[in-house]
Protein chains: 2
Amino acid sequence: MDEQIAQDSTPIFQRIKDYLLGEIASGRWKEGDLVPSEQALVRQFGVSRMTVNRAVRELTAEQVLTRRQGSGTYVAPQKYQATLVEIRNIADEVRARGHVHASHPRLLEQSPAGEALARQFELEPGTPLFHSLIVHDENGQPIQVEDRWVNPACAPAYLEQDFARITPNEHLMEAAPLQGATYSIEALPAPREVAEMLGIAPGTSCLVLKRRTTSGGRVASVVTMWHPGHLYKFTGSVG
Amino acid sequence: MDEQIAQDSTPIFQRIKDYLLGEIASGRWKEGDLVPSEQALVRQFGVSRMTVNRAVRELTAEQVLTRRQGSGTYVAPQKYQATLVEIRNIADEVRARGHVHASHPRLLEQSPAGEALARQFELEPGTPLFHSLIVHDENGQPIQVEDRWVNPACAPAYLEQDFARITPNEHLMEAAPLQGATYSIEALPAPREVAEMLGIAPGTSCLVLKRRTTSGGRVASVVTMWHPGHLYKFTGSVG
DNA sequence: TAGTGGTCTAGACCACAGC
DNA sequence: CTGTGGTCTAGACCACTAT
């Protein structure tokens, strides 16, 4: 038959996904259990194998199921909770809250890489790097000190940007399309210089995000962002 | 033709994905650009439409492309950098570092929900909740204070667990399969009680993760985890 | 109306696992 | 060997968009 079977508007593959998810959510199928084969589902739903395959394949991509060729399809081990922290451009973030964002560049220079930075950039010590130090305000209140080092090979025009108008993030997104990133989030007491720029007491708890991004196979940027702990949090949701 | 065309072992749909990704990575196709239609790709690669469709559909699911029925396929706006913090069972995490994990339960009680907690659990104030307070050690050094409230409806046997042997996380994963979670990460000074349990000075910067999980349509657990800021960080990578 | 994406079919060949 | 998943084809009907 080549007529559409869908009775309501829900696609068949989605209804099969819903069925499988329901069996798992209800507890009838537990972690590690064998799930009916594609052939079995084909018979059960009276649809073509391609349709069943799409349902099962997507659930596999979503890590709900695991498949082993020649063996079968199984309920995947309980996922750990993956919390997705979306690192947005701070200017957008502030504007999304209906507030006013302002950037205050405090430093914009070229400077040779020291030992540690050179290692991070996978370059020789002494290689010239661009360096910017910018304070971001929300409604006139400092909420982030952005201490950023940039690989000139990735963003040659970095120093000519007007960082009172655009953020380094915005410039780099254009100049060096993001390939990957590693990051860490930690809580550190504010050093004196950072505390001064944030208008807080030295030693105050800060939420510190460090990030190292790559572009075109090179390390493009290494940034440390300091946020007053009582004014800033990362939030998100899963599931 | 019904013979397999694959010359090397790479599936055709994957080669089409690689082609499309390459055009974008190289900058030849920019954000918002119209991507060749399925028909055009069918002609270009000499394959069936289903194969092209799979390639494009998967890239759409991966947010590399966006599609509008009747209109066309476009390069998706540059993704913001999404940092994936995987919240693992702290016991596993410590063991994965080759270190010794120990749990010290400090409190295990039933207690009526106050105003704030009742709101978080979407229950009436005064509803009984389970409450545990556990200190986790790594090699004898305290690295986390876990202050957890649990909905008895989701994990009725919670209070009978031996939390020196299994973590609340482990018990809840079994008792109340995770549906979803919201979380926040912030930096806060350690209050006196927490500081004592962590063996640090009151006011020391702590990395604080708060998480609220749901299971079976109910709020299952609300937890606050305190980590000494200088001993603990969240890390991860994207791309 | 022509072109786009969204879905589905009823076959097919293959690699691999388990008996 | 049989049964599993992995992939692919050459058609099809439909809903939607743009002109």
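Side chains included, hydrogens not; waters and symmetry mates left out as well; all remaining heavy atoms used. Lettering follows sequence order; numbering is per chain, from 1.
We find that B:D18 and B:R15 are not joined by a salt bridge, their nearest charged nitrogen and carboxylate oxygen being 4.0 Å or further apart. Salt bridge status for A:E93 with A:R88: absent, with no side-chain N to carboxylate O gap under 4.0 Å.
Listed by residue number, B:N53 are the residues of residues 52-64 of chain B with a heavy-atom contact under 4.0 Å to DNA chain C.
The side chain of B:T51 places an N or O atom within less than 4.0 Å of a non-bridging phosphate oxygen (OP1 or OP2) of D:dT9.
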Between the protein and nucleotides 17-19 of chain D, list the N/O to N/O atom pairs that are separated by less than 3.5 angstrom.
from	atom 1	to	atom 2	distance (Å)
D:dT17	O4'	B:G70	O	3.2

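Checked against ring pair (Phe, Tyr, Trp, His ring centres under 6.0 Å), B:Y232 has the following partners two or more places apart in sequence or in another chain: B:H227, B:F234.
Residue A:R28 qualifies as enclosed at atom CZ: its count of foreign heavy atoms under 6.0 Å is above 12. Within 6.0 Å of CD in A:Q63 there are 12 or fewer heavy atoms belonging to other residues, nucleotides or ligands.
Rounded to an integer number of Å, the gap from CG of A:L65 to P of D:dG6 is 11 Å. Per the geometry, CE belonging to A:M50 stands 16 Å off P belonging to C:dC13, to the nearest Å. The CD-C1' distance, from B:Q39 to D:dT9, rounds to 14 Å in whole Å. Rounded to whole angstrom, the span from the CZ atom of A:F13 across to the C1' atom of C:dG5 amounts to 13 Å.
Residue A:S71 is tested with A:Q69, A:R67, A:R68 for a side chain to side chain donor-acceptor pair (under 3.5 Å); the sole match is A:R68. Applying side-chain contact (heavy atoms from CB on, under 4.5 Å) to A:E138 and the options A:I90, A:V100, A:V94 leaves one that passes, A:V94.
Checking A:Q44 against A:Y19 by side-chain atom types alone, a donor-acceptor pair falls below 3.5 Å.
Comparing A:R49 and B:A40 by the nucleotide of DNA chain C whose heavy atom lies nearest to each, the residue mapping closer to the 5' end is B:A40.
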